[in-house]
Novice: 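Just dropping this structure here.
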Amino acid sequence: MDSPFSHSRPFAASSSTNPTTSTRQALGSKPTPVDLPALQNASHVLLEQLSKDAQIIPDIGDALTASGSQASGSYSIFADDTRLPFQKRKFTGIPDGLFQYYDTANLTSHMGLMPEIERAWISIDHKLFLWDYNDGKEIASFMDQPDVITHVALVQPKRGLFIDDITSLLVICTPISVLLIGVAIANQPTLDNRPRKDIKLYATDLTISTDIEMSSVIGTPDGRVFMCGQQDGNLYELHYQANESWFGKRVQLINHSVGGVQSILPRFASTSSDERIVAAISDLKRNCFYTLSSRSTISYYTPSGDKSIHHIQSLSSLYKSAQEKAPGSPALTPQNFLVISIQVVDPSESRLGVQLVAITTNGVRLYFAPSMGYGYSFGSSSASSGHRPLQLVHVRLPPLNLIHPDEQVKLHRPAVSSYGGPQTHPQPTSRPFIVTSLDNVCYQDGLVVGAQTGDTDGTDYVLCFSPDLTRIGNLGQLNLPQQPQQPQFNLTYGQYENITTNRPPLTEYASLIAIPGRTWAMAPVPKTSTFIPAGTPAPSGINELATQFGESPNQFMLLTNSGITFIVKRRAVDYLKAVLEDLQLEGHVQSIVEFRDSFGRDQTCAMLLAIASGNTFLDPIANPTGGAISTASPEITIVAKQAFYDFGERPIWTERVMYGTAENKGSAIFSGRREGFALYFARLVRPFWKAKLTAPGPSGTQVLNASETLLLDVQKNLFALKDFLTRNPHLFHSSPSEPTSSRTLVTEQEAWKAEQNSVSELQMLLTRSIEALSFVLLLSDYRLGELIAKCEADIQKLIAAQTFEDLITTQHGITISRALVNVVIDQQIGQQISVDTISDILQHRCGSFCSTDDVLLYKAKENIRKAAETRNPTERQRYLAEALRLFSKGARILEFEKLREVIGDFQQLNYAKGAVTLPLICAQLQDTDNAGMECWHAGSPANDPRLELVSQRGRCYDLVLDSLTVFEDNCAKVQAVATTGTVPPLSDPETVRSHAYELAFASEDEMFHSTLYDWLIGRGLADDLLDMRPAFLEAHLRRDPATVQKFQLLWQFYVKNGQPLRAAEVLGALAESTQFDLHLDARIEYLTLAVANAKSHPISIGGRHETAIAFLTDLEEKLDVAQVQLEIYNTLLPHVNDAPEVGERIKSLSTRLFTMTDLYQKFAIPFDLPAIKLLCLHVSEHRDESVVRPIWDQIFDEIMEETDDAKERSDIIMARIIPLGQRFYPSESAFPLRFIATLLVRFMLVNKDVLPAGWAARILVQCGVRFAEIWDLLHEMYESQVPPFNAQANVQAVSSEIAILLTDWITEATRPQAAILRAELPVGRVDSAIDQYLSELEPTRTETKKLYEQAKRELRKYW
């Protein structure tokens, strides 16, 4: 149930305005090209700066032991108020409404602080008030119990015992009871956008009576509650559980100081019976707690089992231990040594493990760390796991010359001096203040604040310590000012003297602040520390230089009986602002020079740049939690800017001589301006630079791995820095100077060049980082986890592995950003939301993550969506045309899968122009320098790096062909259903198809045309292509790789184009080619066609007549040889299976063309083919009696060998000689007439008794030999008298042959329609020859005589 708490006034309604959105939209820049190498160089510079930041300031443990001493007491105490380490931020008085409860003089009041819930508690008798000190007026009251409230504390609850809303428990102590109240906290926004904690209390019924008044209540992380007994000084535990049980009550108090084996009373009894525990403090991160006794004994515990604790050790005799480390120190005496507070040191503050600091009433601090040895101090038991006993490691002595608060106020500033003038320090105060009675102390991040009663009524003095980073840090100071002289105790000899050591000891600022009232409690103001991602060099906890621009300064609140005073740590930048104001108002330059000398050039420049540009954490008084950019006044900004320029100095060029070479290499030592810029930039992005972009969320999806508030704050600061640098471009330009030599001028120019190049890269990274944060925040608005889930699996893995640095500086970052933007746009389009708004936002706020091309593509996709939705044909065409225009402009970055999707949309919408031209545009733009085209022209050689470009073009062309196929199919479907309905004119498939082909053939992309022609030829449309004769067809058909089909189409192309000679050339090349598997028949066919086309070549074309004749002659000769080869092949084909080698040789005749020489040498001779030999001689017209006669001899010899019968021989001779004569006569190369006639006549003479008269002559006549030639040959034999024609019988036989010949000749000549003209017959010669033959004829040859006489009669009859 709810607690009966009443609020004094209601909450104010939260503002409806959203500053985040307006801020985000205000951040924008023009898109810039992404230069990844430059961005990576700049990122490397930032990481170098972060590494330096992690090393310049030691942590508190290292600082304590830096001097090698076990005690220290060095302080920087300045009289001027500009260097005070703390200042009061505000005072909030206790509301007047509380004073009505102070109605009697006899009342009891207590108060304390609960920073976790932003409340102070004030008890007046039995009434408890919770005061919202941030609001200042709101008070909640609780009066439902009757007993005087003496102490209230806030602890964590045990898990699982309460409702989830309860996050804390109030422990209320009275003299006779302890009560638990549940606390639920809800963050509520306020009018000024600062979250306010709204609390709601729940009654728990968990209460217990006690006869001991409890105080100093503490809790542990797991919900256990410990406290101190006020009267007996024992350590108690308030144990509570859900229900009563046999073994324990629901609520009980356990005294851990007495009884059982856990008793620690003997430890107390061994020292003094009146030693009591007076305070306890919990160490939540180490899961342990400590107690402090009235005799300055510190005990160290860890919770162990349920209702039990483990005592690790007790540290007693601290005075003696401190005296051993600082012997003779006047601050250490038995009378004034009393530890009044112990404070936990956070584990992050010290790598050496400094764990606890104890403070005495006079300001001595004792630092404890885990023991490094095996021997434990007195009173310790065995350490539990992970907890080692502590030992005193350092004694920090109080300052001896604190300036009294009254004196601090009265001091005046020093007189005006000039740059480089002598430095002066204020003289020591006349009223040094010695701390003697601290009673309230607080510690955080190396800072110590303690209060004691002032020497004026109603006033407390607050002692403030903070590390002096200029003394303990390595900040690159070249002229560190001397520390003001101060007395320091010599730890060795027990006297005061000035000491200098090689390693600087811990030095702190120390000061006193006066506050109104008497201090009841103090506590650090909770703040959110800067997150340091894994892999990022972390600065030490006391290095405020590294964190002052990314988190709030440390603050402490001190609760007094008057109200709450907030004091804030003054950081180095606050000191610098005061110095700048001093310089601007009064012209004091000494202070800023001293500041520069103290903090070093680079640190000073970084802070000046922050002041000049503005920062969310610049003004801790007006804006303690950041959120909005704080800027200095215009006057201070001008001074800061000028100081940044002046102190920045110049870059320097250093050269290194490379021994053994004439080359000198150098590098730049950058100016303070560049270093300050890089340092400030690096510090701003440290919280997220190396952090993973996303982390697994509770629902399994990825979530942003950084708070939006952090990213927004950083982005504001980065944008302020960018804006300042844009408005002041001269800051990194060189100032004119007089070079001492030309060599100096050259090196100076090199240095400036290197500096400006580095600054340019940093500015590029700055712009990109601002846009990256806008991009990430935008994605977060669109639910980043859901967007990532819609990406492809490999993109999701990539996103999970990327850091913010990767997103900003690597190609993977570009890849994932483009993928995420595509998902966002697809989501918008899917929800039918216009992409104009999101595109404009992307371009305006993160242009480099969403280029103009990207936006064009998004708008193009939206036009396609509109085209698909509209029913108006005109509008559809307009939308599609606009989509094509936009896609064409953004085609350079259009990914292939997206292009395929777009072309699919165009196909569905029957938009031929888009479906055909867009892929062609993409092919061209993605191969801008035509490297792919050149590679294709070169034949696409293997391992050529340009092959990928060829492949890209090919994929685009395939989309065009796919579109043509789709439009073809649509036509076919419509024709199939033409009878069932009509087609709308706009979508007429035939019109679309025709238009698509027109567009395709209109392209000037030769590579595409080649692809298109292959596709058309493959679809059987070669004839149509030849009829069209498009521009690139000839080149395509001539291009490698050559094919038979290409050759065939090419010669037909030339025929249709009226170029028969070129057709003949192609056919000739095809016939003779060796790269194709063509049969001999096909080759002869191509040669025949080649001859026919060559003969068709007009005489007048191109003056190539003579060349054409020579080419024709060559073709004809090749055709003749080819025909010989065919005859040889056909002759030998029956023997193809005789033997493998024989078969292979015969088969080779069918696969290629041979020369005549090859045919004769490789086939005619080896296979002994006389007829083929004669054919070869005939075709080649080779006349050689020594070659041809043996062939004919062989022919006759073979006949003689076949049979011995003369009649059979004569028949065989006729059968073989007549075809050869008919084929070869009158070729003397193959048919030597005289030699053959002699062979025939001789055979006849040998067999004259068997053979009929005229046998030889008639054979020659049948061979086609003219009668006159035969007669001449026979007459020559008749007259020769050469054997065998010297024998009279042979002469008479020849005469008979002549008689038959002449008779046949005259008969043929006188036959109607005779082939031989009568005029060809030499009548006179024949007539006189007959007379001779008759006169010499033997009387017995009556048949011959009759023939001669008949011949004479015929001659007379017809001639």
Side-chain angles (χ1 to χ4, degrees), residues 1170 1174 1185-1218 1220-1221 1224-1225 1228 1230-1263 1265-1305 1325-1326 1328-1348 1351:
L1174 294 175
E1185 294 286 335
S1186 64
V1187 174
V1188 72
R1189 287 187 177 188
I1191 297 173
W1192 282 104
D1193 285 338
Q1194 180 185 352
I1195 293 173
F1196 275 84
D1197 290 344
E1198 287 176 353
I1199 294 172
M1200 298 304 114
E1201 291 175 1
E1202 288 183 27
T1203 180
D1204 294 332
D1205 182 66
K1207 186 68 176 72
E1208 291 179 0
R1209 286 179 176 175
S1210 67
D1211 292 342
I1212 295 172
I1213 288 173
M1214 288 178 66
R1216 294 189 184 174
I1217 301 306
I1218 291 171
L1220 293 176
F1224 299 136
Y1225 174 81
E1228 283 295 322
F1231 196 81
L1233 180 59
R1234 184 179 302 274
F1235 181 69
I1236 294 170
T1238 303
L1239 290 175
L1240 288 172
V1241 170
R1242 287 186 176 189
F1243 177 80
M1244 178 271 296
L1245 293 175
V1246 172
N1247 301 284
K1248 55 182 177 286
D1249 295 334
V1250 178
L1251 298 179
W1255 177 82
R1258 283 176 170 169
I1259 287 179
L1260 291 174
V1261 169
Q1262 289 183 66
C1263 284
V1265 183
R1266 290 183 304 114
F1267 286 96
E1269 280 191 79
I1270 302 170
W1271 178 48
D1272 286 342
L1273 288 171
L1274 293 176
H1275 183 72
E1276 184 181 324
M1277 296 176 192
Y1278 180 84
E1279 295 281 359
S1280 69
Q1281 298 297 317
V1282 176
F1285 304 111
N1286 56 350
Q1288 188 60 33
N1290 290 342
V1291 173
Q1292 292 300 312
V1294 171
S1295 180
S1296 296
E1297 289 291 317
I1298 293 173
I1300 295 294
L1301 175 69
L1302 291 176
T1303 301
D1304 289 347
W1305 190 2
R1325 252 187 81 210
V1326 172
S1328 60
I1330 292 175
D1331 289 341
Q1332 178 188 351
Y1333 299 146
L1334 284 171
S1335 65
E1336 296 175 1
L1337 185 67
E1338 288 182 354
T1340 57
R1341 294 190 174 265
T1342 56
E1343 287 298 322
T1344 303
K1345 182 179 180 182
K1346 287 179 183 179
L1347 290 174
Y1348 281 138

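Just so you know, these numbers use all the heavy atoms, side chains as well, and skip hydrogens, waters and symmetry mates.
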Novice: Taking atom CD1 of Ile1270 and atom CZ of Arg1258, what is their separation to the nearest 0.5 Å?
Specialist: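 Spacing of CD1 (Ile1270) from CZ (Arg1258) equals 11.5 Å.
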Novice: What pairs with Asp1211 under side chain to side chain contact (heavy atoms under 4.5 Å, CB included), at least two apart in sequence or on another chain?
Specialist: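 Partners of Asp1211 under the side chain to side chain contact (heavy atoms under 4.5 Å, CB included) test: Lys1207.
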Novice: Can you tell me how far apart CG (Asp1272) and CZ (Phe1267) are? Round to the nearest 0.5 Å.
Specialist: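 One gets 13.5 Å once the value is rounded to the nearest 0.5 Å.
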Novice: Taking only residues two or more places apart in sequence or in another chain, which ones pass ring-ring contact (aromatic ring centres under 6.0 Å, His included) with Tyr1278?
Specialist: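 ring-ring contact (aromatic ring centres under 6.0 Å, His included) check on Tyr1278 returns Tyr1333.
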Novice: Does some side-chain heavy atom of Tyr1225 sit less than 4.5 Å from a side-chain heavy atom of Leu1220?
Specialist: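 No; the side chains remain at least 4.5 Å from each other.
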Novice: Distance alone, cut at 3.5 Å: any donor-acceptor contact between the side chains of Tyr1348 and Thr1303?
Specialist: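 No, because no side-chain N or O of Tyr1348 sits under 3.5 Å from a partner of the opposite role on Thr1303.
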Novice: By side chain to side chain contact (heavy atoms under 4.5 Å, CB included), which residues pair with Asn1247, not counting sequence neighbours?
Specialist: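 Counting only residues at least two positions away or on another chain, Asn1247 forms a side chain to side chain contact (heavy atoms under 4.5 Å, CB included) with Ala1206, Phe1243, Leu1251.
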Novice: Do Leu1260 and Leu1233 have side chains that approach each other closer than 4.5 Å (heavy atoms only, starting at C-beta)?
Specialist: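 Heavy-atom side-chain distance check passes, below 4.5 Å.
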Novice: If you compare all heavy atoms of Glu1297 against all heavy atoms of Pro1252, which two are closest, and at what distance to 0.1 Å?
Specialist: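 Nearest heavy atoms, Glu1297 then Pro1252: OE2-O, 4.0 Å.
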Novice: If I compare all heavy atoms of Pro1339 with all of Thr1342, which pair ends up nearest, and what's the gap?
Specialist: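 Between these two residues, the closest heavy atoms are O-CG2, 3.8 Å.
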Novice: Any salt bridge linking Arg1209 with Glu1201? Criterion: basic side-chain nitrogen under 4.0 Å from a carboxylate oxygen.
Specialist: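 Between Glu1201 and Arg1209 there is no salt bridge, as every charged N stays at least 4.0 Å from the carboxylate O atoms.
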Novice: CD of Glu1279 to CD of Gln1332: how many Å apart, nearest 0.5 Å?
Specialist: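 CD of Gln1332 is found 4.5 Å from CD of Glu1279.
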